[in-house]
Amino acid sequence: MQIAVVGTGYVGLVTGVCLSDIGHHVICVDIDEQKVERMRKGISPIYEPGLEELMVKNYEAGRLNFTTEHNKAFKDADVIYIAVGTPQQEDGTADLRFVEQVAIDIAENLQKDAIVITKSTVPVGTNEKVKRIILEHMKADVKVEVASNPEFLREGSAVSDTFNGDRIVIGTESEEAANTLEELYKPFGIPVFKTDIRSAEMIKYASNAFLATKISFINEISNLCEKLGANVGDVAQGMGMDDRIGNKFLQAGIGYGGSCFPKDTNALVQIASFVEHEFNLLKSVIQVNNEQQRLLMKKAKERFGSLKGMNIALLGLAFKPNTDDMREAASIILSEELVKEGAEVIAYDPIAMDNAKKLLPEQVQYAGSAEEAVKRADVVFIVTEWNEVKEITFTDYENWLETPVIFDGRNCYSLEEAGKHQVEYHSVGRRSIYPV
């Protein structure tokens, strides 16, 4: 099929590249000319394992292209994806300006019958609004169907998730459009679930809200474990062996971040309020996460009293490993709080440093390696569980620091291993280890 994808962020670019890889002809649209030119040269604007290689492969094969011109992209398109950002506004609602503008652009440039798919995460009822906008601004006498097709990709494994997803959700009022999209996705070999538009929109929010709830739940359990002398790792493992619960998203830590969970949980609370429904459970999930992101700071202050003048290394800055995404990352809050306390912050991340420099306080210093950051520090905060960080051994800490004190926000090490070394080790939901 001939496909146009508007927006080349995580969702749009991954979607376009992967659809081209299964044989469709895809043209990706972005208004940033320099960004488009870089993509034509095979340079991905985002860090996502495996994406750049697929970009180059399919661009060279003639199945993938990039443009800034809507009329060129929509001219022969059978299917048009809307995959632009829906950033969170101050009141927690999703900003739909970019989605609405794309709808107008489609209406003004469409020259043949097409299916318009909203891939962006949007509040329930948005697709109906998109269709109204298109019909109001339509210039050509063509037929348009609208569908909701939410994405369920994890940053850092988005390419793999596209080819190995659990399900593909298609929400539309047109049986013909639903069948066309099912055929489009057939090469992936992933189960397709067809429903109405509003249910499809809600599936996305409900899924992310439930996963966020699991994370906040296990983090609350972890805080209780510390007070009662239990080990949250064992508790989570024992819980996860129950098929009704499962072991995914039960890793205690310093909370969730990124572009989806914080934005989508807040948006769902706002969506509920519009129909006079108090989503108290989700409000608590958000509150727990906000507090959890400050956990390492709280532990350090309890241990030392004042952090003024101390050198503290932050290992890992991105909100999760294998991405350069800094949105809602715990490192932002931690660095801000540490600077306010008068601490000297030395930060390191293998991928996200350039993005971090735009968001962290200007007082933060940056190291060229994890080893350099640790050697310049009095105390170490493990913020993101990069493999490079997890591969640092306690022997390394003993060699690099005179008196190693580690606050591990991702439970990267076993307590048994920590007990074999002359380190002071504080983690999440487990007892602290002190040198003998």
Side-chain angles (χ1 to χ4, degrees), residues 88 91-94 121 152-156 202-228 230-273 277-299 302 316 318-321 323 325-334 336-337 381-385 407-412 426-430:
Q88 179 177 302
D91 62 358
T93 59
T121 300
F152 303 99
L153 308 178
R154 297 169 298 170
E155 290 184 35
M202 179 57 91
I203 286 169
K204 169 64 175 179
Y205 281 107
S207 296
N208 278 355
F210 183 76
L211 295 176
T213 299
K214 286 189 77 173
I215 294 170
S216 283
F217 178 83
I218 199 62
N219 282 334
E220 277 288 76
I221 291 294
S222 75
N223 295 329
L224 192 56
C225 282
E226 287 189 21
K227 294 177 179 178
L228 296 175
N231 183 321
V232 74
D234 290 344
V235 172
Q237 186 175 349
M239 290 172 59
M241 293 172 73
D242 187 328
D243 287 341
R244 298 169 301 173
I245 298 172
N247 59 12
K248 293 181 179 178
F249 289 85
L250 284 182
Q251 288 73 43
I254 50 174
Y256 57 77
S259 63
C260 291
F261 287 3
K263 177 171 69 73
D264 293 353
T265 49
N266 281 303
L268 190 51
V269 168
Q270 290 299 320
I271 291 167
S273 72
H277 179 83
E278 288 294 323
F279 209 144
N280 293 319
L281 172 62
L282 205 51
K283 288 179 180 179
S284 296
V285 167
I286 295 166
Q287 181 183 347
V288 167
N289 194 67
N290 290 341
E291 294 172 359
Q292 199 72 12
Q293 288 188 322
R294 293 171 168 80
L295 183 64
L296 296 189
M297 185 74 183
K298 178 183 176 184
K299 285 175 176 283
E302 288 175 353
F319 87 93
K320 64 181 287 189
T323 180
D325 197 342
M326 286 292 299
R327 284 174 288 186
E328 303 292 335
S331 62
I332 299 173
I333 292 172
L334 286 172
E336 289 173 348
E337 295 287 334
F381 281 14
I382 298 177
V383 183
T384 313
E385 64 277 31
F407 291 88
D408 183 357
R410 301 299 180 185
N411 289 359
C412 294
H426 306 274
S427 51
V428 179
R430 308 184 295 182

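Counting heavy atoms from C-beta on, the side chains of N411 and V232 come closer than 4.5 Å. Side chains of M326 and S331 form a contact here, defined as non-hydrogen atoms less than 4.5 Å apart. Looking at heavy atoms from C-beta onward, E220 lies out of side-chain contact with L224 at the 4.5 angstrom threshold. Within the 4.5 Å cutoff, side-chain heavy atoms of R154 are placed close to those of K320.
The structure places CG of N247 at 11.0 Å from CD1 of I218, a figure rounded to the nearest 0.5 Å. For the atom pair OG1 (T213) and CG (N208), the distance works out to 10.5 Å, reported to the nearest 0.5 Å. Taking CD of Q88 as the start and CZ of R327 as the end, the distance is 12.0 Å to the nearest 0.5 Å. One distance of note links CZ of R410 with CD1 of I382; it measures 11.0 Å at 0.5 Å rounding. Distance check: L281 CG to T265 OG1 gives 11.5 Å after rounding to the nearest 0.5 Å. Taken from CG in L268 to CE in M202, the straight-line distance is 5.5 Å, to the nearest 0.5 Å.
With sequence neighbours left out, E328 forms a salt bridge (charged side-chain N to carboxylate O under 4.0 Å, His left out) with no residue at all. Remark: R430 engages no residue in a salt bridge (charged side-chain N to carboxylate O under 4.0 Å, His left out) (not counting sequence neighbours). Residues passing the side-chain hydrogen bond (donor to acceptor under 3.5 Å, both in side chains) test with D243: none are found, sequence neighbours excluded. Residues satisfying the salt bridge (charged side-chain N to carboxylate O under 4.0 Å, His left out) test with E278, not counting sequence neighbours, are K283. When the side-chain contact (heavy atoms from CB on, under 4.5 Å) test is applied to F249, the partners found at least two apart in sequence or on another chain are L211, K214, I215, F261. The ring-ring contact (aromatic ring centres under 6.0 Å, His included) test applied to F407 returns F381, H426, not counting sequence neighbours.
Residues N219 and E291 have side chains that never bring a donor and an acceptor to within less than 3.5 angstrom of each other.
Scanning both residues, L295 and I254, for their nearest heavy atoms gives CB-CG2, 4.2 Å. The two atoms that bring S222 and Q292 nearest to each other are OG-NE2, 3.9 Å, heavy atoms only. When all heavy atoms of E155 and F319 are compared, the pair lying nearest together is OE1-CE2, 3.5 Å. For F152 against S207, the heavy-atom pair with the smallest separation is CE2-OG, 4.0 Å. For the pair D325 and T323, the tightest heavy-atom approach, listed with the atom from each and the gap, is N-OG1, 3.1 Å. Shown here for V235 and C225, the closest heavy-atom pair between the two residues is CG2-SG, 3.9 Å.
Remark: side-chain polar atoms of R294 are not paired, donor with acceptor, to backbone N or O of L334 under 3.5 angstrom. Under a 3.5 Å cut-off, the side chain of T384 and the backbone N or O of A318 do form a donor-acceptor pair. N289 places a side-chain N or O within donor-acceptor distance of the main-chain N or O of Y256, the cut-off being under 3.5 Å.
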